[in-house]
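Worksheet for the structure shown next.
Small disclaimer: the values here were computed from a predicted structure and weren't measured. Letters go in sequence order (proteins before strands), and every chain restarts at 1.
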Protein chains: 2
Amino acid sequence: MDENIGRINRQLLNKGYKLTPQREATLRVLLENERDHLNAEEVFMLVKDKYPNIGLATVYRSLELLSELHIVEKINFGDGGARFDLRSEDQPHMHHHLICTRCGAVEEIKDDWLMPMENRIEREFGFTVLDHRLDFQGICKECGAKEREKDCKAVS
Amino acid sequence: MDENIGRINRQLLNKGYKLTPQREATLRVLLENERDHLNAEEVFMLVKDKYPNIGLATVYRSLELLSELHIVEKINFGDGGARFDLRSEDQPHMHHHLICTRCGAVEEIKDDWLMPMENRIEREFGFTVLDHRLDFQGICKECGAKEREKDCKAVS
DNA sequence: CTCGGTGCAAAAGTTTTGCAATATG
DNA sequence: CATATTGCAAAACTTTTGCACCGAG
C-alpha cells in the first residue's frame with residue numbers, strides 16, 4: 001500500500017505536482033475503499049478523519065487532478081454525482097461494472113474483454129481507442145434470488 | 001417519422017400517460033436531432049421554437065418520463081449534464097459510442113457486440129443483464145489525420 | 001368535477017471559482 | 001522570494017420540487 005503511494009508520488013512529481021498531505025490523505029481513502037466507488041462527498045467525509053481541516057474544494061481539486069493523470073477514474077453511474085475509483089497498477093483500462101438496478105450494488109469485473117473489439121474499431125472506423133467503459137445494468141444474484149423466493153411464496 | 005410518434009403515443013397510452021403537445025414537441029426535437037446527443041438545455045431551446053411557452057421543468061419531466069419508459073436513453077458522458085437520445089425501434093439495447101477526446105465528436109455504433117458477454121455474465125456471476133453501456137474514448141479518424149499531418153510538417 | 005400535466009419560481013444538490021492566507025522548496 | 005496549494009465562501013450549474021392553475025375526459 002505504501003508502495004502504491006510511492007509510485008503515485010513519482011507520477012505526480014513527474015508532471016510537476018506535489019504530493020501534499022491533503023492529496024495523500026485523499027489517496028489513502030481511495031486506497032482503503034477501493035471497492036466502494038465513493039462519491040466526492042463520501043471521500044470528503046472520510047478524508048476529514050485523517051485531515052480534519054481539509055476543505056471540500058480541495059478534495060474536488062485533488063480528485064480532478066488525479067483523474068486527469070489517470071490515477072483515479074471518475075465514473076458517472078447516473079445518480080447525480082460522479083464517483084471515484086483508484087486505478088490499479090496492472091489495470092491500464094477501466095474495469096467493467098455490473099450495476100444492480102434493484103439494490104444499487106456495483107460489482108467489478110477486472111477482466112478486459114474488449115481487446116478484439118478495440119482492434120475492430122481501429123480497423124473499421126479509423127478510431128484510436130485510448131480507453132473504454134463498459135457497464136451492465138440488471139439484477140444481481142442476491143436480488144434475483146429474493147425475487148424468485150417471493151414468487152414461490154406467491155404461488156404456494 | 002410520424003409513424004414513430006404514433007408508436008410512441010401507443011407506448012405512452014399503454015402505461016396510462018398522454019402524449020401532450022409539450023411531450024410531442026420534445027419527442028420531435030429528439031427525432032430531428034437523432035445523432036446529436038442533446039443535453040436538457042439544448043432540448044429546451046429547440047423545443048421552445050415549436051412550443052414557446054414550455055417551461056424547462058416540463059422538458060426535464062418529459063425526458064425523465066420518456067427515459068423511464070425506455071423510449072429515450074439518458075446518458076452521461078462526464079461533462080456535468082445528462083444527454084438524451086431517442087432509442088430506435090429495432091434497437092432494444094443502448095448503442096455504443098466512440099467519443100473523441102480531441103474534438104468531442106460522438107460516433108455511434110449500432111451493432112450489438114455484447115451478447116456473448118452477457119451470456120457469460122449470466123453464467124459466471126448469476127447476474128441478469130437488462131441493459132448495457134459501452135463507450136470508447138480515443139482519437140477519431142479526422143483528429144488522427146490532422147495529427148499525422150502536423151507531425152509530417154514538423155519533420156520536413 | 002377530477003386529476004394528470006404544466007409553468008413558474010424557489011430549492012436542492014453538485015461542482016467550480018475568486019481570493020487571501022499558507023506552505024514549500 | 002516565487003510559486004503551487006489550500007480553505008472558505010460565494011457563485012455557477014444542473015436538476016428537482018411545491019404549488020397554483022389549466023384542460024381534457
Side-chain angles (χ1 to χ4, degrees), chain A residues 8-29 37-69 71-85 104, chain B residues 8-9 11-29 37-69 71-85:
Chain A
I8 292 166
N9 186 16
R10 261 171 277 128
Q11 287 183 253
L12 285 171
L13 290 174
N14 230 355
K15 303 264 184 180
Y17 300 104
K18 302 173 202 166
L19 184 62
T20 62
Q22 289 94 331
R23 286 177 187 164
E24 182 172 340
T26 305
L27 273 168
R28 284 190 189 281
V29 162
H37 305 87
L38 304 169
N39 64 26
E41 196 72 30
E42 289 164 341
V43 175
F44 176 55
M45 293 311 220
L46 291 168
V47 174
K48 278 205 131 176
D49 293 342
K50 294 182 197 297
Y51 197 101
N53 278 340
I54 201 170
L56 177 58
T58 302
V59 172
Y60 270 103
R61 281 187 283 230
S62 299
L63 292 171
E64 185 58 33
L65 175 65
L66 293 169
S67 89
E68 266 166 30
L69 300 186
I71 294 168
V72 313
E73 339 174 330
K74 180 177 179 182
I75 339 172
N76 214 310
F77 288 138
D79 53 341
R83 311 194 90 86
F84 299 87
D85 239 2
Chain B
I8 292 167
N9 185 17
Q11 286 182 253
L12 286 170
L13 290 173
N14 230 359
K15 303 265 182 180
Y17 300 105
K18 301 173 201 164
L19 184 63
T20 62
Q22 288 94 330
R23 286 175 186 165
E24 182 172 341
T26 304
L27 274 168
R28 283 192 189 279
V29 163
H37 306 88
L38 304 170
N39 65 25
E41 195 72 30
E42 290 165 340
V43 174
F44 176 56
M45 293 311 220
L46 292 168
V47 174
K48 279 204 130 178
D49 293 342
K50 295 182 195 298
Y51 198 100
N53 279 340
I54 201 168
L56 178 57
T58 301
V59 172
Y60 270 104
R61 284 188 281 231
S62 299
L63 291 172
E64 185 58 34
L65 175 66
L66 293 169
S67 88
E68 266 164 32
L69 299 186
I71 295 168
V72 313
E73 335 173 336
K74 181 177 177 179
I75 340 173
N76 213 310
F77 288 138
D79 53 343
R83 313 194 88 87
F84 300 86
D85 239 0

For [X] and [N], is the shortest distance between a side-chain N/O and OP1 or OP2 below 4.0 Å?
| X | N | value |
| --- | --- | --- |
| B:T58 | C:dG7 | yes |
| B:R23 | C:dT6 | yes |
| A:Q22 | C:dA23 | no |
| A:T20 | C:dA23 | no |
| A:Y60 | C:dT15 | yes |

query: How many angstroms lie between atom CD of B:E41 and atom CG of B:L46, to the nearest 0.5 angstrom?
result: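 Here the interatomic distance stands at 11.0 Å.
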How long is the line joining [atom1] of [X] and [atom2] of [N], in whole Å?
| X | N | atom1 | atom2 | value |
| --- | --- | --- | --- | --- |
| A:L13 | C:dT24 | CG | P | 14 Å |
| A:F44 | D:dT6 | CZ | P | 14 Å |
| A:L65 | C:dT15 | CG | C1' | 16 Å |
| B:L56 | C:dT6 | CG | P | 13 Å |
| B:E64 | C:dG4 | CD | C1' | 17 Å |
| B:L19 | C:dG4 | CG | C1' | 14 Å |
| B:E42 | D:dC13 | CD | C1' | 14 Å |
| A:E24 | D:dA4 | CD | C1' | 18 Å |

Whether [X] side chain and [Y] backbone form a donor-acceptor pair below 3.5 Å:
| X | Y | result |
| --- | --- | --- |
| A:S62 | A:T58 | yes |
| B:R23 | B:K18 | yes |
| B:R83 | B:H37 | yes |

- prompt: Which listed nucleotide (C:dT16, D:dT16, C:dG18) is nearest to the side chain of B:K74?
  reply: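 Closest of the options to the side chain of B:K74: D:dT16.
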- prompt: Of B:N39 and B:K18, whose closest DNA chain D nucleotide lies nearer the 5' terminus?
  reply: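 The residue mapped nearer the 5' terminus is B:N39.
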Base, sugar-phosphate alone, or nothing: which one does [X] contact when heavy atoms must sit under 4.0 Å apart?
| X | answer |
| --- | --- |
| B:Y51 | sugar-phosphate |
| B:I54 | sugar-phosphate |
| B:E41 | nothing |

- prompt: So which one's nearest nucleotide on DNA chain C is more toward 5', B:Y17 or B:A57?
  reply: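 Taking each residue's closest nucleotide, the earlier one in sequence belongs to B:Y17.
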task: I would like to know whether B:N39 and B:F84 meet side-chain contact (heavy atoms from CB on, under 4.5 Å); could you show each step before the answer?
output: CA-CA 6 Å; B:N39 65 25; B:F84 300 86; 5.7 Å; no
field: Distance-only donor-acceptor test, A:R61 side-chain atoms vs D:dG7 base atoms, 3.5 Å
entry: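 Such a pair exists between side chain and base.
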